[in-house]
Amino acid sequence: MADNKFDPEYFQTIQPLLALKASQPPPAPLTDVDSLRTNYADFELVLANIPDSPDITETTYQIHSKDGTPITLYRFTPAAAAATPGPRAAVLHHHGGGFVSNTVPQFRKDIKRYAHASGLTFYAAEYRRAPEHPFPTPFDDCYAALEWLHANAASEQIDPARIALFGVSAGAGLATGVALKARDEKISPPIKKLVLAYPMLDDRTYWPEDHPLSPYLMWTGAANKVAWGAYAGADGVKEISPYAAPARAKDLSGLPPTFIDCGELDLFRDEDIAFATRLFKAGVRAELHIYPGVPHGFEMVATNIRVSKIAVENRVRALDNL
């Protein structure tokens with residue numbers, strides 16, 4: 001790369017990954033979900049290499065989704081939360097994976113680091129994934145988790161007025177869809193905060209291979225097309241539900257205060273900036289961070305560099321005073 005746009009620390013950290021990639025055969029063309037899952041299977045190793053966090057107690061529950069199917073809801077309770085008299089604040093986490101891959105156990109270390117750093121109890125639903133379970137099933141699973149938290153607030157020692165939704169990538173799109181429905185259905189008390197890490201919000205986003213930033217992308221335009229097609233039958237043209245693609249929502253007023261961040265070299269950068277701008281115009285309190293020189297998933301790939309530490313700290317800070 002003659003004009004290397006990567007953050008210098010990030011570029012240094014990924015050298016072993018680049019060398020490994022160069023030694024392997026080229027990845028198969030991204031044409032369907034099978035090739036998408038194959039090409040991104042190594043990301044499980046990235047998640048596994050996130051440092052573990054101490055003093056987190058894990059609990060699981062079986063809850064029922066809208067269609068009656070039982071799904072697993074995980075609870076991650078840090079020692080600080082366990083020692084705090086209830087009712088307490090809580091965070092409902094939504095993991096990433098382009099709607100088609102990954103699980104809560106694979107994201108366990110990432111969830112635990114936010115629970116440990118914030119001192120808050122995190123919950124995470126094992127939502128079903130596309131294309132085996134397209135929209136609205138994953139969305140319904142996530143909304144069912146929010147309803148369960150409200151219904152069981154007393155026994156869980158949760159203050160229902162202090163629930164935040166936290167999402168990563170596609171999970172941030174799910175969290176935003178849940179917030180939209182909670183607003184539309186006037187769930188009471190309303191969601192307190194929305195924290196979105198490089199959210200996947202718009203099925204129309206696509207950068208061709210000759211885009212000047214395409215060589216830097218962790219999540220490509222081709223991957224995005226396959227994922228949105230699998231999840232919502234989206235082709236970037238026809239109208240789809242704003243609960244699936246929140247950027248399609250006509251009205252963003254009434255959403256909770258929202259934190260959004262994204263890397264400069266992320267496919268979702270422009271859609272996230274546009275969404276934050278619309279939040280401001282709709283009168284929603286919002287905070288937007290664009291981190292120079294880093295792509296999608298940067299703080300998981302390079303956990304110890306300065307920009308990653310700042311990003312994680314900012315997300316934790318967004319949960320202050322919940």
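Basis for what follows: all heavy atoms, side chains included, without hydrogens, waters or symmetry-related copies.
- No cation-pi contact links K66 to Y143, judged by a cut-off of 6.0 Å to the six-membered ring centre and 45° from its axis.
- Between the side chains of R128 and T69, a donor-acceptor pair is found at a separation under 3.5 Å.
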>> With side-chain contact (heavy atoms from CB on, under 4.5 Å) as the criterion, how do L319 and L120 come out once you've worked through the C-alpha distance, each side chain's angles and the decisive distance to 0.1 Å?
In response: CA-CA 9 Å; L319 296 170; L120 299 172; 3.9 Å; yes
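- Tested against F107 for a side-chain contact (heavy atoms from CB on, under 4.5 Å), the candidates T103, D110, V104 yield a single pass: D110.
- Side-chain rings of Y61 and W148 approach one another, their centers coming within less than 6.0 Å.
- With hydrogens and angles ignored, the 3.5 Å screen pairs a side-chain donor or acceptor of T13 with a backbone N or O of E9.
- Between D159 and R88, no side-chain nitrogen of the basic residue sits less than 4.0 Å from a carboxylate oxygen of the acidic one, so the salt-bridge criterion is not met.
- Here the straight-line distance linking atom CG of L174 with atom SG of C142 works out to 4.5 Å at 0.5 Å rounding.
- At a threshold of 4.5 Å between non-hydrogen side-chain atoms, the residues D67 and D140 do not count as touching.
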>> Is there a side-chain contact (heavy atoms from CB on, under 4.5 Å) between I56 and T77? Walk through the geometry before answering.
In response: CA-CA 5 Å; I56 306 289; T77 306; 5.9 Å; no
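- At least one side-chain heavy atom of V168 sits less than 4.5 Å from a side-chain heavy atom of Y198.
- Counting only distance, with no hydrogens or angles, the side chain of T57 and the backbone of P78 share no donor-acceptor pair below 3.5 Å.
- Between H95 and Y127, the ring center distance clears the sub-6.0 Å criterion.
- The CZ atom of R285 sits 13.0 Å away from the CG atom of L279 when rounded to the nearest 0.5 Å.
- No donor-acceptor distance shorter than 3.5 angstrom exists from the side chain of Q106 to the backbone of E44, with no hydrogens or angles considered.
- Atom-to-atom distance recorded for T121:OG1 and I158:CD1 is 7.5 Å, nearest 0.5 angstrom.
- Here the straight-line distance linking atom CG of L201 with atom OG of S169 works out to 9.5 Å at 0.5 Å rounding.
- Looking only at distances, no side-chain donor or acceptor of R108 sits under 3.5 Å from a matching main-chain atom of D52.
- For the pair D272 and R269, the salt-bridge criterion is not met [side-chain N within less than 4.0 Å of a carboxylate O].
- From E185, atom CD reaches atom CG of L146 across 10.0 Å, with rounding to the nearest 0.5 Å.
- In this structure a side-chain-to-backbone donor-acceptor pair under 3.5 Å is missing from K281 to A276.
- The 12-atom threshold is not exceeded at CD of Q12, counting heavy atoms of other residues, nucleotides or ligands nearer than 6.0 Å.
- In this structure, D203 pairs ionically with R248, as a charged nitrogen and a carboxylate oxygen lie closer than 4.0 Å.
- By the criterion of side-chain heavy atoms lying less than 4.5 angstrom apart, applied directly or through intervening Ile, Leu, Val, Met, Phe, Trp or Tyr residues, I273 is grouped together with V307 in one hydrophobic cluster.
- For R306, the CZ atom sits in a loose shell: 12 or fewer heavy atoms of surrounding residues, nucleotides or ligands are nearer than 6.0 Å.
- Considering every non-hydrogen atom in both A244 and A232, the closest pair reads CB-CB, 4.3 Å.
- I191 and A182 make their closest contact through CG1-CB, 4.2 Å (heavy atoms, listed as atom of the first residue, atom of the second, distance).
- Side-chain contact, Y10 with E299: no donor N or O sits under 3.5 Å from an acceptor N or O.
- Remark: side-chain polar atoms of S188 are not paired, donor with acceptor, to backbone N or O of K186 under 3.5 angstrom.
- By the ring-ring contact (aromatic ring centres under 6.0 Å, His included) test, F135 is found to be paired with F139, Y231, residues two or more places apart in sequence or in another chain being considered.
- Q157 contributes no side-chain N or O that, together with a main-chain N or O of P87, makes up a donor-acceptor pair within less than 3.5 Å.
- Closest heavy-atom contact between D7 and P292: CB-O, 4.1 Å.
- Taking 4.5 Å as the limit, every side-chain heavy atom of K109 sits out of range of all side-chain heavy atoms of P51.
- L20 and M218 fall into different hydrophobic clusters, where Ile, Leu, Val, Met, Phe, Trp and Tyr side chains are chained together by heavy-atom contacts under 4.5 Å.
- Looking only at atom types and distance, the side chain of N314 has a donor-acceptor partner in the side chain of Y291 under 3.5 Å away.
- Taking the charged nitrogens against the carboxylate oxygens, R75 and E156 do have a contact shorter than 4.0 Å, which makes a salt bridge.
- A donor-acceptor contact under 3.5 angstrom links the side chains of H289 and E287, judged on distance only.
- Screening D32, N39, T38 for a side-chain hydrogen bond (donor to acceptor under 3.5 Å, both in side chains) with S35, the sole residue that qualifies is D32.
- Of all heavy-atom pairs spanning A124 and I111, the tightest one is CB-CD1, 4.0 Å.
- When all heavy atoms of P131 and V33 are compared, the closest pair comes out as CD-CG1, 3.7 Å.
- L165 has its side chain out of reach of V91: every pair of non-hydrogen atoms, C-beta onward, lies at least 4.5 Å apart.
- Hydrophobic cluster membership differs between V195 and F280, with clusters built from Ile, Leu, Val, Met, Phe, Trp and Tyr side chains linked at under 4.5 angstrom.
- Using modelled atom types, one side-chain atom of S308 and one backbone atom of A302 make a donor-acceptor pair closer than 3.5 Å.
- Considering OG1 of T31 and CG of L36, their distance stands at 10.0 Å, rounded to 0.5 Å.
- The ring of Y123 has its center no closer than 6.0 angstrom to the ring center of Y74.
- Taking the charged nitrogens against the carboxylate oxygens, E132 and R37 do have a contact shorter than 4.0 Å, which makes a salt bridge.
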>> Using side-chain contact (heavy atoms from CB on, under 4.5 Å), reason through D261 and L288 one step at a time and then give a plain yes or no.
In response: CA-CA 6 Å; D261 70 18; L288 172 66; over 6 Å; no
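- Taken together through direct or relayed side-chain contacts under 4.5 Å among Ile, Leu, Val, Met, Phe, Trp and Tyr, L18 and L45 form parts of separate hydrophobic clusters.
- Checked by atom type and distance alone, the side chain of Y216 pairs as donor or acceptor with a backbone atom of K5 at under 3.5 Å.
- Of all the heavy atoms in G236 and R204, the pair that sits closest is O-CG, 3.2 Å.
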>> Pair S101, Y40 - check side-chain contact (heavy atoms from CB on, under 4.5 Å), show working.
In response: CA-CA 9 Å; S101 61; Y40 285 90; 5.7 Å; no
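- No hydrogens or angles considered: a donor-acceptor pair under 3.5 Å links the side chains of T205 and E271.
- Side chains of F275 and L252 form a contact here, defined as non-hydrogen atoms less than 4.5 Å apart.
- Other residues, nucleotides and ligands contribute more than 12 heavy atoms inside 6.0 Å of the CD atom of Q62.
- Here the side chains of F6 and V294 are not in contact, with every heavy-atom distance at 4.5 Å or above.
- With contacts defined as side-chain heavy-atom distances shorter than 4.5 Å, the pair P295/F298 qualifies.
- Residues K193 and N321 form no side-chain contact, since every pair of their non-hydrogen atoms from C-beta on lies 4.5 Å or further apart.
- Judged by distance alone, with hydrogens and angles left aside, the side-chain atoms of H94 form a donor-acceptor pair with the main-chain N or O of F166 at under 3.5 Å.
- Counted within 6.0 Å of NZ on K112, heavy atoms from surrounding residues, nucleotides or ligands total more than 12; the atom is thus considered enclosed.
- The same ILVMFWY cluster, assembled from side-chain heavy atoms under 4.5 Å apart, contains both I14 and W219.
- Checking H296 against D266 by side-chain atom types alone, a donor-acceptor pair falls below 3.5 Å.
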